[in-house]
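A quick write-up on the structure given underneath.
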Amino acid sequence: MSKATFTIAYDGPALKNHAMDVRALAPALLGFGTLFEAANSTLNGESAKTKVQVTALESGSFQISFEVVQTFYSHIVAILSGPTISAAANLQSLLGFGGVIGGIIYLIKKFRGKSPDKVTPLKDGMVRLQYGDETVDIPIECLKLLQSLPVRDALQKIIEEPLKMDGIEVFEVRSGGKTIESINRSESVYFARPSVPDEILVDDHRRAAFSIMALAFKDDNKWRLFDGTNTISASIEDHDFLRRVNLNEVSFSKGDVLVCDIHIIQKQTDNGLKTEYTVEKVIDHKPAARQIPFDFE
């Protein structure tokens, strides 16, 4: 088991009586637990587990002390850059809660939340980040934490969101009674969770039949179509078909079916999986059956 402690503080006019609104405090406290869990998972996977405990609510601004407890499985003999006895402290330092200036909090603040222009691997587990004409060398573990969306999401809850509230203006990391990192309200926006470009997982063209659930006659509105199993919303890009609909050359009744060439794109987004449907061409419009079909000789 490895342990380390750190202290943070929020400051501002709203905290002059050393009291903090629970609506700001509760998400931030949960954010610390999430942050260290996400960081531990990013670097160690299932090899270790981490928990964060509040050890004291101290006077002065609104100051909170935490203890990080990291537990290892018996086959783990070294973690990060040192033996297990110092693992929690190393994790804490990589995040930016150590006893010296550094870690990803320092990097995010210094470079205003921007991503590096270039990353160059170095020897001995180091990488070089280039921001414009400036470079900085960091451990590869620090880069992994900087890239981790769960870590960045937790930092937003700890730093950016509380400083949005009236009367809370400063977030500080403290060590030995001294402030080693300070972030004001204008700087807190750098800690908003970065957006990640959507990743296209499926890009498919197919032919399918749909019954019409709802039509849209305004530009850019989507039609609701039913494929026999699922209802989808689809953009119609067959302009000739839309022209004939607008001129009342095509009419619809309940049960009508459209046979269409459809374009399907599925993306991984910040909010999860997203599917987009586009009707590229309406091949056939089959009215609902109104008569019983007979075979004639």
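Atoms considered below: every heavy atom in the structure, side chains included; atoms not considered: hydrogens, waters and symmetry mates. Fair warning: this is a prediction, and the values are worked out from it, not measured in the lab.
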Kindly give the heavy-atom pair with the smallest separation between Pro139 and Val127, and that separation in Å. O-CG2, 4.3 Å
Linked, directly or transitively: Ile283 and Trp223 (ILVMFWY side chains, under 4.5 Å): no
State the CG-CD1 distance between Leu146 and Ile105, to the nearest 0.5 angstrom. 11.5 Å
Would you say Phe191 and Ile158 make side-chain contact, with heavy atoms under 4.5 Å? no
Asp124 atom CG: more than 12 heavy-atom contacts under 6.0 Å: no
Going through the distances and angles, do Asp261 and Arg207 end up as a salt bridge (charged side-chain N to carboxylate O under 4.0 Å, His left out)? CA-CA 4 Å; Asp261 284 341; Arg207 184 164 295 183; 2.7 Å; yes
Verdict with supporting geometry, Thr278 and Glu237, side-chain hydrogen bond (donor to acceptor under 3.5 Å, both in side chains): CA-CA 7 Å; Thr278 302; Glu237 290 192 354; 4.7 Å; no
Non-hydrogen atoms of Ser233 and Arg224 that approach each other most closely: OG-CG, 4.1 Å
Let's go through Lys267 and Glu199 carefully: what are the C-alpha distance in whole Å and the side-chain angles of both, what is the deciding distance for salt bridge (charged side-chain N to carboxylate O under 4.0 Å, His left out) to 0.1 Å, and is it a yes or a no? CA-CA 5 Å; Lys267 302 176 181 178; Glu199 179 185 0; over 6 Å; no
Can Val259 be reached from Tyr277 by stepping across I, L, V, M, F, W or Y side chains whose heavy atoms are under 4.5 Å apart? no
Looking only at non-hydrogen atoms, find the nearest pair between Ala209 and Val257 and report the distance. CB-CG1, 3.8 Å
Of all the heavy-atom pairs spanning Pro194 and Leu149, show the shortest one and how long it is. O-CD2, 3.9 Å
Applying a strict under-4.5 Å side-chain criterion to I, L, V, M, F, W and Y, I'd like to know whether Ile183 and Val170 cluster together. no
To the nearest 0.5 Å, what is the distance between CZ on Phe6 and CZ on Phe36? 4.0 Å
Looking at Thr42 and Ala38, would you say the former's side chain and the latter's main chain have a donor-acceptor pair under 3.5 Å? yes
With the side chain counted from C-beta on, respond yes when Cys142 and Leu145 share a heavy-atom pair under 4.5 Å apart, and no when they do not. no
Just wondering, do Phe226 and Ile212 contact through their side chains at under 4.5 Å, heavy atoms? no
Does a salt bridge link Lys109 with Glu181, judged by any charged N lying under 4.0 Å from a carboxylate O? yes
Between the side chains of His263 and Asp203, does any donor sit under 3.5 Å from an acceptor? yes
When you compare the side chain of Pro162 with that of Tyr10, does any pair of heavy atoms fall below 4.5 Å? yes
Output field: ring centroids Phe252/His285 closer than 6.0 Å: yes
Result for side-chain contact (heavy atoms from CB on, under 4.5 Å) between Lys274 and one of Asp198, Leu201, Thr269 points to Thr269
Between the side chain of Asp227 and the main-chain N/O of Thr229, is any donor-acceptor distance below 3.5 Å? yes
Distance, nearest 0.5 Å, that separates CG of Leu94 from CG of Leu43: 6.5 Å
Looking at CG of Asn230 and CZ of Phe210, how far apart are the two atoms once the value is rounded to the nearest 0.5 Å? 10.0 Å
With the side chain counted from C-beta on, respond yes when Val279 and Phe241 share a heavy-atom pair under 4.5 Å apart, and no when they do not. no
Mark yes or no for whether Asp238, through its side chain, and Val282, through its backbone, hold a donor-acceptor pair below 3.5 Å. yes
For the residue pair Ala39 and Leu91, what are the closest heavy atoms and their distance? CB-CD1, 3.8 Å
Just wondering, do Met213 and Leu225 contact through their side chains at under 4.5 Å, heavy atoms? no
Closer than 3.5 angstrom, by distance alone: can the side chain of Ser41 be matched with the main-chain N or O of Glu37 as a donor-acceptor pair? no
Hey, are Thr179 and Glu172 close enough side-chain-wise for a donor-acceptor pair under 3.5 Å? yes
Give a yes or no on whether Asp284 atom CG has more than 12 heavy-atom contacts from other residues, nucleotides or ligands under 6.0 Å away. yes
Leu242 backbone acceptor or donor facing Asn246 side chain under 3.5 Å: yes
Atom SG in Cys260, atom CD1 in Ile236: separation rounded to 0.5 Å? 6.5 Å
Side chain proximity check, Leu95 to Leu155, heavy atoms < 4.5 angstrom: no
Tell me, with the steps shown, if Lys114 and Ile108 meet side chain to side chain contact (heavy atoms under 4.5 Å, CB included). CA-CA 7 Å; Lys114 296 178 181 178; Ile108 293 170; over 6 Å; no
Pick one: which of Ile138, Asp117, Asp137 meets side-chain contact (heavy atoms from CB on, under 4.5 Å) with Leu129? Ile138
Can you find a heavy atom in the side chain of Glu169 that is under 4.5 Å from one in the side chain of Asp11? no
Run the numbers on Phe32 and Ile8 for side chain to side chain contact (heavy atoms under 4.5 Å, CB included), then give the verdict. CA-CA 11 Å; Phe32 280 103; Ile8 63 96; 3.7 Å; yes
Is the Tyr106-Phe111 ring centre distance short of 6.0 angstrom? no
Distance-only side-chain donor-acceptor flag, Thr135 / Gln130, under 3.5 Å: no
Tell me, with the steps shown, if Val136 and Tyr131 meet side chain to side chain contact (heavy atoms under 4.5 Å, CB included). CA-CA 8 Å; Val136 57; Tyr131 296 85; 4.2 Å; yes
Nearest 0.5 Å, what's the CZ-CD1 distance between Phe171 and Ile159? 4.5 Å
Under 3.5 Å, side chain of Gln156 to main-chain N/O of Arg193, donor-acceptor pair present? yes
Is it true that Glu187 and Arg185 have a side-chain N and a carboxylate O under 4.0 angstrom from each other? no
Please report the closest heavy-atom contact between Lys157 and Pro27, naming both atoms and the distance. CB-O, 4.3 Å
Step-by-step side chain to side chain contact (heavy atoms under 4.5 Å, CB included) determination, Val151 to Thr34: CA-CA 8 Å; Val151 167; Thr34 302; over 6 Å; no
